[in-house]
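Written out below as structure tokens is the structure these notes cover.
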Amino acid sequence: MSEIEDDGGPPAVRARGVSVTRGEAEVLHGIDLDVTRGSVVGLLGPSGSGKTTLLRSIVGVQEHVTGTLEVLGRPAGAPSLRRRVGYATQAASVYEDLTVEENLRYFARLLGADAAAVARTLDRVGLAGERGRLVRTLSGGQRGRVSLGVALVGSPDLLVLDEPTVGLDPVLREELWGLFGSLADGGTTLLVSSHVMDEAMRCDRLLLLRSGRLLRECTPAELLAETGAADAEQAFLTLIERTTAEGRVAS
Ligand SMILES: Nc1ncnc2c1ncn2[C@@H]1O[C@H](COP(=O)(O)OP(=O)(O)OP(=O)(O)O)[C@@H](O)[C@H]1O
């Protein structure tokens, strides 16, 4: 998908032995991973496997993170990363009583982006025709795209998206994946979580998470080849069965 190769700089994300405790429990256990720049990387795993926790750690808003976690060569959450990392949470985080354009203008100003960035972002997320509407009058899918626009408007180097396609119809999902690919072609790194396994095939690389552990880091083609499965969902299940069986043998 992406034509931009790593130019030898630091990876977009580098994790070594990252563990996270939430409440009383450790929910991520010693994650090691590298996210190559200029690619679309899918973070996939069942509900509760730790995807949101990992993304929150990467954008620097998660407490009780141990190990080494670097983003664009700097410690996750460093102030200098604020404008270089865009984050869209699962729930649309936008102002309901502002219009679509006012939301984007507000966040653009905070990030030091200009009016051209607002206009470009409205086009990119397919909301130019809705620019004057109050966010509270929009559909769920449209709100999600405003939230994506907010994450995009500062032209971040790393865009972290937590389940951006939930609740979208197949046409919009297709359009969004097209947008992700074109952003990656322009050099942006996208880290996109999903529990919809068929979306895995749209990614350049995959991080498969299960029960707070990284099960595999591979391309979609490698995942299918390794498991001999016909689709990503089946491949993931096969991997889980194998790792469970290996665990039984080892213990
Ligand atoms: N605020 C919290 N306090 C304590 N534990 C939490 C909290 N939020 C999440 N957890 C726990 O952390 C683990 C990982 O949750 P996380 O939300 O990261 O998973 P997820 O893969 O993003 O799930 P989903 O796909 O359902 O959003 C789960 O066991 C969850 O119960």
Side-chain angles (χ1 to χ4, degrees), residues 12-35 40-71 76-77 85-94 140-141 143-145 147-148 150-151 158-170 172-173 176-177 180 189-203 205-218 220 223 231-241 243-244 247:
V13 180
R14 176 175 179 273
R16 294 294 179 272
V18 168
S19 297
V20 177
T21 304
R22 294 190 90 166
E24 297 294 297
E26 188 179 272
V27 297
L28 290 181
H29 318 287
I31 303 277
D32 293 336
L33 60 85
D34 289 301
V35 170
V40 181
V41 177
L43 176 61
L44 293 130
S47 182
S49 57
K51 302 181 298 294
T52 297
T53 305
L54 181 56
L55 298 183
R56 285 169 53 86
S57 305
I58 289 168
V59 299
V61 298
Q62 180 63 51
E63 290 186 310
H64 310 300
V65 181
T66 57
T68 302
L69 186 54
E70 290 168 358
V71 175
V85 179
Y87 178 41
T89 58
Q90 264 176 46
S93 29
V94 284
R143 278 174 209 221
R145 281 185 286 145
S147 202
L148 174 62
V150 166
L158 172 65
L159 192 51
V160 176
L161 306 175
D162 199 351
E163 309 228 16
T165 59
V166 165
L168 296 186
D169 62 57
L172 279 179
R173 268 174 50 175
L176 266 196
W177 279 100
F180 298 163
T189 308
L190 288 96
L191 183 55
V192 184
S193 79
S194 176
H195 61 255
V196 184
M197 288 306 292
D198 65 9
E199 299 201 316
M201 303 315 288
R202 309 296 307 262
C203 301
R205 296 198 71 81
L206 301 174
L207 301 167
L208 303 180
L209 206 59
R210 188 191 179 226
S211 305
R213 291 181 204 285
L214 191 68
L215 205 58
R216 192 70 86 248
E217 198 270 308
C218 58
L223 177 67
D231 59 50
E233 177 126 19
Q234 196 51 50
F236 192 61
L237 290 173
T238 306
L239 267 188
I240 289 175
E241 278 165 23
T243 356
T244 313

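All ligand and atom numbering here is 1-based and tracks the order in the structure. Keep in mind that this is a model prediction, so the values were computed, not measured.
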ask   = Can you find a non-hydrogen atom of Pro46 under 4.0 Å from ligand 1?
value = yes
Numbered in order shown, the ligand 1 atoms found under 4.0 Å of a heavy atom of Lys51 are 18 (O), 19 (O), 20 (P), 21 (O), 22 (O), 23 (O), 24 (P), 25 (O)
Using atom types as modelled and distance alone, determine if a side-chain donor or acceptor of Lys51 lies under 3.5 Å from a backbone N or O of Gly45. yes
Atom 27 (O) of ligand 1: closest protein heavy atom, distance to 0.1 Å, is Gln90 NE2, 3.1 Å
- Item | Side chain Ser147, main chain Ser93, donor-acceptor under 3.5 Å | yes
Ligand 1 to Thr52, heavy atom cutoff 4.0 Å, flagged ligand atoms 17 (O), 18 (O), 20 (P), 22 (O), 27 (O)
Near Thr53 (heavy-atom distance under 4.0 Å), the atoms of ligand 1 are 14 (C), 15 (O), 16 (P), 18 (O)
Val85 and Ile58, any side-chain heavy atoms less than 4.5 Å apart:
no
**Study point:** Geometric N/O contact Gly48 with ligand 1, under 3.5 angstrom
**Key:** yes
Are any of the protein's heavy atoms under 4.0 angstrom from atom 22 (O) of ligand 1, yes or no?
yes
_Are the side chains of Leu69 and Ser57 in contact, using a 4.5 Å heavy-atom criterion?_
yes
Self-check item: Flag, side chain of Arg16 to backbone of Leu33, donor-acceptor distance under 3.5 Å
Solution: yes
Side chain proximity check, Arg216 to Phe236, heavy atoms < 4.5 angstrom:
no
A student checking ligand 1 against Glu163 at a 4.0 Å heavy-atom cut-off should list atoms 25 (O)
- Task: May I ask whether Gly45 places a heavy atom under 4.0 Å from ligand 1?
- Result: no
Beyond-backbone contact of Arg145 with Leu172, side-chain heavy atoms, under 4.5 angstrom: yes
among protein heavy atoms, the one nearest atom 26 (O) of ligand 1 is Ser47 OG, 2.5 Å
- prompt: Any heavy atom of Glu24 sitting closer than 4.0 Å to ligand 1?
  reply: no
Filtering Arg22, Glu26, Glu63 for the heavy atom nearest atom 3 (N) of ligand 1 leaves Arg22
Short version for Val27: what comes under 4.0 Å of ligand 1, heavy atoms counted, is side chain
Report task. Answer with yes or no whether Arg56 contacts ligand 1, where contact means a heavy atom under 4.0 Å from a ligand atom. Result -> no
Exercise. Test Glu217 against Arg205 for side chain to side chain contact (heavy atoms under 4.5 Å, CB included), laying out the working first.
Key: CA-CA 7 Å; Glu217 198 270 308; Arg205 296 198 71 81; 2.8 Å; yes
heavy-atom search around atom 19 (O) of ligand 1 in the protein gives Gly50 N, 3.2 Å
Scan the protein's non-hydrogen atoms and note whether one is under 4.0 Å from atom 30 (C) of ligand 1. no
Checklist entry - Are the side chains of Arg213 and Thr243 in touch, meaning some heavy atoms are under 4.5 Å apart? => result no
Heavy atoms of Ala200 and Pro220 approach each other most closely as O-CG, 3.5 Å
